[in-house]
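Here is the structure we will look at.
Just so it is clear: chains get the letters A, B, ... in the order the sequence lines come, proteins before strands, and each one is counted from 1.
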Amino acid sequence: MNEIKAPKGTRDIFAPEIQKWHNLENAIHAYYKKFLYQEIRTPIFEHSELFSRGIGSETEIVQKEMYTFSDKSDRSLTLRPENTASVVRAVIENNLFETLSPLRFYYIGSMFRYDKPQKGRYRQFQQFGVEVFADDSPQVDAEVMFSAVDFLKKIGIEAMQLELNSVGCPQCRPDYLQVLRKAARAQESRLCSDCRRKIDGNPLRIFDCKLPACAEVAASLPLISDHLCGECRDHFAAVRETLSWMNVSFQLNPRLVRGLDYYTKTAFEITSGQLGAQNALLGGGRYNNLIQELGGPDMAAIGFAAGMERIILHLEQLEPARPKTLFVAYEDPQWLAHAVQMAQVLREEGYPVYLDYQGKNLKKQFKKADRVAAAFTLILAENEIQSGSVSIKNMVNQEQIKISLKELNEWLKKNY
RNA sequence: GUGAGUGUAGCUCAAUGGUAGAGUGUCGGAUUGUGGAUCCGAUCGUUGCGGGUUCGAAUCCCGUCACUCACCCCA
């Protein structure tokens, strides 16, 4: 069998699951309007350089996970692995600082990463996210986190945890990393080979190692929280205080690291125990230097991105929410024209209507009506046509009545 | 990139190395204006793919691909 299948890590979404996606998308649009966010749609692919400069050329994502290709003019393009860099690019390119206010955006769309698929992780996956520009207030950080938690609660997710950290800024992080490297190197012999490599690369990752020996070493390593500069420390304190005003509970996690280089100060993640190994539902933070690095003004920003497949995994299976359907049946092909016209009229009135063009006899058509879960079947036959009426059978309780066509609309209004 | 498990009918799954099956679904029928239930009948497969061992392979071995889960990383 060499039939063509969906590429590894991609999937088809259809009924009944598609209903969850509609619900989730609608909820996002509705919820974020309340905070004056506006939707932004950016291209699915960008110049590769946007991501290597934006996300960081040394990150795992840029190093090994990008879908990069050359187009026919030899431009290096990349399917977006995340959307923040694109949004920043769009805001700069279109001078949105000058024209839109407030500078708050949300997006919904596909991202692409060449990862090995497993539960909750795909090569093409959907994220929604928000970005707030031009405000360095700690209250904005808190509001963004509140909205994330509140939104997830409103769509029915309870079992989640907000984890919070400050990853410092260009003033304090380099100093901290030096201290950390030094401390790690002092205990290098006790670390696994993986962690030894991390010392020079990204020493923060040592905190993630699950080996007991490494965890023991990690417990003794200095924490960023003790090495923040005055500004970062004040900002972080204000963020936590605001969260408590807002009644948002959180867990401080001094080991929380983000996989993208652009984060400064606030970093956060919402995790869930129900997801298996890929337990991050949503992650984000502040990125006060990215806009300038991508050629824009010196402007603060904060945002997050959420994995929609992972959210969908948490949503209860819905009843197939098919709207109540009207089925138009005709006893003999000679009445097909009447049936078609009736369907047109009913659809014009707003009802979902189905009829079976290959219906050979009523028995078959009723079977079809049953399969499409029709609520009512409208029957046209010689009897009805001649008297200018229609028979209506309630498919649930099997009651059947005959009414004149003039009364049909009225009847539907009452009984549909 | 690394590791483990699983690949049999559209779907869920059986079959000690000896003729590939069941349930479900689909289609047809149980007399001509009526579905679901029941009954009867039909349809359904290169056992993921390619090699090897064997008189004989769905079954054992090797390879490969896909799916699932985990490592890694992340949403």
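- Listed nucleotides: B/rG33, B/rA75, B/rU34. Nearest to the side chain of A/Glu309: B/rA75.
- Between the CD atom of A/Gln358 and the C1' atom of B/rG28 there is a distance of 15 Å, rounded to whole Å.
- B/rG41 is paired with B/rC27 under the criterion used here, namely a Watson-Crick or G-U wobble arrangement in which both key atom distances are under 3.5 Å.
- Looking at which nucleotide of RNA chain B each of A/Phe366 and A/Ala306 is closest to, the 5′-most match is held by A/Phe366.
- A/Gln400 comes within contact range of at least one nucleobase, with a heavy-atom separation under 4.0 Å.
- When Watson-Crick and G-U wobble pairs are counted only if both distances are under 3.5 Å, B/rC60 pairs with B/rG52.
- Straight-line distance from the CG atom of A/Asp115 to the P atom of B/rC71: 12 Å, rounded to whole Å.
- Using bins of under 30°, 30° to 60° and over 60° for the plane-to-plane angle, the ring pair A/Phe376/A/Tyr416 lands in the tilted bin.
- With salt bridges taken as basic N to acidic carboxylate O contacts below 4.0 Å, none links A/Asp141 and A/Lys265.
- The nucleotide whose nearest atom lies closest to any side-chain atom of A/Lys8 is, among B/rG35, B/rC67, B/rA75, B/rC67.
- Taking only distance into account, the side chain of A/Asn383 meets the base of B/rG33 through a donor-acceptor pair shorter than 3.5 Å.
- A perpendicular orientation is assigned to the rings of A/Phe151 and A/Tyr31, their planes being inclined by more than 60° (bins at 30° and 60°).
- Proximity note for A/Glu60 (side chain, C-beta onward) versus B/rC73, B/rG35, B/rG33: the nearest is B/rC73.
- Atom-to-atom, CG of A/Asn394 to C1' of B/rU34 comes out at 13 Å; the value is rounded to the nearest Å.
- One can find a donor-acceptor pair under 3.5 Å joining the base of B/rC74 and the side-chain atoms of A/Arg310.
- Nucleotide B/rG3 is matched to B/rC69 when pairs are restricted to Watson-Crick or G-U wobble geometry with both distances under 3.5 angstrom.
- Distance from the side chain of A/Arg113 is smallest to B/rC74 among B/rC74, B/rC69, B/rG29.
- Side-chain atoms of A/Glu384 and base atoms of B/rG33 include a donor and an acceptor less than 3.5 Å apart.
- At a cut-off of 3.5 Å, with distance as the only test, a side-chain donor of A/Ser391 or A/Glu384 sits close to an acceptor on the other residue.
- Scanning atom types as modelled, no donor and acceptor separated by under 3.5 angstrom connect the side chain of A/Lys367 and the base of B/rG36.
- Straight-line distance from the NZ atom of A/Lys368 to the C1' atom of B/rU34: 17 Å, rounded to whole Å.
- Among B/rU34, B/rC69, B/rU2, the nucleotide with an atom closest to any side-chain atom of A/Ile379 is B/rU34.
- Picking from B/rU34, B/rG1, B/rA66 the nucleotide with the shortest atom distance to the side chain of A/Lys116 gives B/rG1.
- The distance from atom CG of A/Leu380 to atom P of B/rG33 is 16 Å, rounded to the nearest whole Å.
- Picking from B/rA70, B/rC73, B/rG35 the nucleotide with the shortest atom distance to the side chain of A/Gln118 gives B/rA70.
- Applying the 3.5 Å distance criterion, the base of B/rG36 shares a donor-acceptor pair with the side chain of A/Gln398.
- Nucleotide B/rU47 has no partner under the Watson-Crick or G-U criteria, as no pair reaches both atom distances under 3.5 Å.
- Of all nucleotides listed (B/rG35, B/rC69, B/rC73), B/rC73 comes nearest to the side chain of A/Arg121.
- Heavy-atom nearest nucleotides on RNA chain B were determined for A/Glu331 and for A/Phe125, and the one closer to the 5' end corresponds to A/Glu331.
- With both pairing distances under 3.5 Å, B/rU8 is matched to nothing as a Watson-Crick or G-U wobble pair.
- With both pairing distances under 3.5 Å, B/rG36 is matched to nothing as a Watson-Crick or G-U wobble pair.
- Checking A/Glu49 against A/Ser76 by side-chain atom types alone, no donor-acceptor pair falls below 3.5 Å.
- Separating the CG atom of A/Asn279 from the C1' atom of B/rA70 is a distance of 13 Å, rounded to the nearest angstrom.
- Ring geometry, A/Phe304 versus A/Phe268: the interplanar angle exceeds 60°, so the pair is classed perpendicular (tilted spans 30 to 60°).
- With rounding to whole Å, A/Lys363 atom NZ is found 11 Å from B/rG28 atom P.
- Using bins of under 30°, 30° to 60° and over 60° for the plane-to-plane angle, the ring pair A/Tyr263/A/Tyr287 lands in the perpendicular bin.
- Put simply, CZ on A/Arg255 is 13 Å from P on B/rC73, counting in whole angstrom units.
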